[in-house]
Amino acid sequence: YKVTIQLPAGYQVKQLASSGILTNKTIGMNMTYEVKELGANQLQIAYTLRVTNTVVPKEYYNELRTFYLEMNSKMNQLIVLEKINEGVKE
(Lines give C-alpha, C1' and ligand atoms only; values in the text may rest on other atoms or scores of the structure.)
Protein backbone atom coordinates (compact mmCIF):
# COMPACT_ATOMS: atom_id res chain seq x y z
CA TYR A 1 0.00 0.00 0.00
CA LYS A 2 1.51 3.33 -1.04
CA VAL A 3 -0.21 6.67 -1.35
CA THR A 4 1.03 10.14 -2.23
CA ILE A 5 -0.90 13.06 -0.75
CA GLN A 6 -0.88 16.59 -2.14
CA LEU A 7 -1.02 19.09 0.72
CA PRO A 8 -3.44 22.00 0.43
CA ALA A 9 -1.93 25.30 -0.70
CA GLY A 10 -0.79 27.42 2.22
CA TYR A 11 -0.12 24.49 4.57
CA GLN A 12 3.03 22.73 5.73
CA VAL A 13 3.76 19.68 7.88
CA LYS A 14 4.07 20.50 11.56
CA GLN A 15 4.33 16.91 12.82
CA LEU A 16 5.00 13.77 10.81
CA ALA A 17 4.04 10.25 11.92
CA SER A 18 7.03 8.06 12.71
CA SER A 19 8.32 5.35 10.37
CA GLY A 20 9.39 1.92 11.57
CA ILE A 21 9.11 -1.86 11.51
CA LEU A 22 6.91 -4.28 13.46
CA THR A 23 8.04 -7.91 13.54
CA ASN A 24 6.76 -11.04 15.23
CA LYS A 25 8.67 -14.18 14.20
CA THR A 26 6.43 -16.49 16.22
CA ILE A 27 3.37 -15.72 14.09
CA GLY A 28 5.45 -14.96 10.98
CA MET A 29 4.43 -11.35 10.37
CA ASN A 30 6.39 -8.24 9.49
CA MET A 31 5.07 -4.77 8.76
CA THR A 32 7.17 -1.87 7.51
CA TYR A 33 5.76 1.63 7.41
CA GLU A 34 7.29 4.81 6.12
CA VAL A 35 5.97 8.34 6.15
CA LYS A 36 8.04 10.99 4.39
CA GLU A 37 7.85 14.40 2.76
CA LEU A 38 8.53 14.21 -0.96
CA GLY A 39 8.68 17.91 -1.59
CA ALA A 40 7.26 21.17 -0.39
CA ASN A 41 3.65 20.06 -0.82
CA GLN A 42 3.65 16.25 -0.95
CA LEU A 43 3.67 13.39 1.54
CA GLN A 44 4.13 9.70 0.83
CA ILE A 45 2.79 6.99 3.13
CA ALA A 46 3.82 3.38 2.50
CA TYR A 47 2.88 0.19 4.37
CA THR A 48 4.03 -3.33 3.56
CA LEU A 49 2.72 -6.41 5.38
CA ARG A 50 4.59 -9.69 4.93
CA VAL A 51 3.03 -12.90 6.18
CA THR A 52 5.19 -16.04 6.17
CA ASN A 53 2.89 -18.27 8.24
CA THR A 54 -0.51 -18.61 6.59
CA VAL A 55 -1.84 -20.66 9.51
CA VAL A 56 -1.42 -19.38 13.07
CA PRO A 57 -2.10 -21.97 15.80
CA LYS A 58 -4.76 -20.99 18.31
CA GLU A 59 -2.24 -20.81 21.16
CA TYR A 60 -0.67 -17.79 19.40
CA TYR A 61 -3.96 -15.91 18.98
CA ASN A 62 -3.02 -13.34 21.65
CA GLU A 63 0.26 -12.58 19.83
CA LEU A 64 -1.62 -12.23 16.55
CA ARG A 65 -4.18 -9.94 18.16
CA THR A 66 -1.43 -7.81 19.76
CA PHE A 67 0.38 -7.54 16.43
CA TYR A 68 -2.78 -6.32 14.69
CA LEU A 69 -3.47 -3.81 17.49
CA GLU A 70 0.08 -2.42 17.15
CA MET A 71 -0.30 -2.32 13.36
CA ASN A 72 -3.61 -0.47 13.70
CA SER A 73 -2.01 2.01 16.11
CA LYS A 74 0.79 2.75 13.61
CA MET A 75 -1.68 3.20 10.75
CA ASN A 76 -3.66 5.71 12.82
CA GLN A 77 -0.78 8.00 13.80
CA LEU A 78 -1.53 11.65 13.18
CA ILE A 79 0.08 13.90 10.62
CA VAL A 80 -0.39 17.50 11.75
CA LEU A 81 -0.49 20.37 9.27
CA GLU A 82 -0.20 24.05 10.03
CA LYS A 83 -1.23 27.07 8.03
CA ILE A 84 1.63 29.13 6.64
CA ASN A 85 1.26 32.81 7.51
CA GLU A 86 2.64 34.39 4.35
CA GLY A 87 2.92 38.14 4.24
CA VAL A 88 1.46 38.75 7.70
CA LYS A 89 2.32 42.21 9.01
CA GLU A 90 2.73 42.67 12.73
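Small disclaimer: the values here were computed from a predicted structure and weren't measured.
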Tell me whether [Y] is reachable from [X] by hopping between hydrophobic residues (I, L, V, M, F, W, Y) whose side-chain heavy atoms are closer than 4.5 Å.
X     : Y     : result
Val3  : Val35 : yes
Val13 : Leu38 : no
Met75 : Ile79 : yes
Ile45 : Tyr11 : yes

Measure the [atom1]-[atom2] distance between [X] and [Y] for me, rounded to the nearest 0.5 Å.
X     : Y     : atom1 : atom2 : answer
Glu34 : Ile21 : CD    : CD1   : 10.0 Å
Asn30 : Thr23 : CG    : OG1   : 4.0 Å
Leu22 : Met71 : CG    : CE    : 8.5 Å

Tell me which pairs pass ring pair (Phe, Tyr, Trp, His ring centres under 6.0 Å) where either residue lies in residues 30-50, with sequence neighbours left out.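 Listed by first then second residue: Tyr1-Tyr47.
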
Which residues satisfy the side chain to side chain donor-acceptor pair (under 3.5 Å) test with Gln42, sequence neighbours excluded? Gln6

With sequence neighbours excluded, what pairs up with [X] under the side chain to side chain contact (heavy atoms under 4.5 Å, CB included) test?
X     : value
Glu82 : Gln12, Lys14
Ser73 : none
Lys2  : Gln44, Ala46

Which pair of non-hydrogen atoms, one from Gln77 and one from Ser18, has the smallest distance, and what is that distance?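 Between these two residues, the closest heavy atoms are OE1-N, 3.0 Å.
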
If every non-hydrogen atom of Leu81 is compared with every non-hydrogen atom of Pro8, which pair is closest and at what distance?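 That closest heavy-atom pairing would be CD1-CD, 4.1 Å.
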
Run the side-chain donor-acceptor check on residues 48-70: report pairs under 3.5 Å with partners two or more places apart or on a different chain.
unit_1, atom_1, unit_2, atom_2, d
Thr52, OG1, Gly28, O, 3.2
Glu63, OE1, Asn24, ND2, 3.1
Thr66, OG1, Asn62, O, 2.9

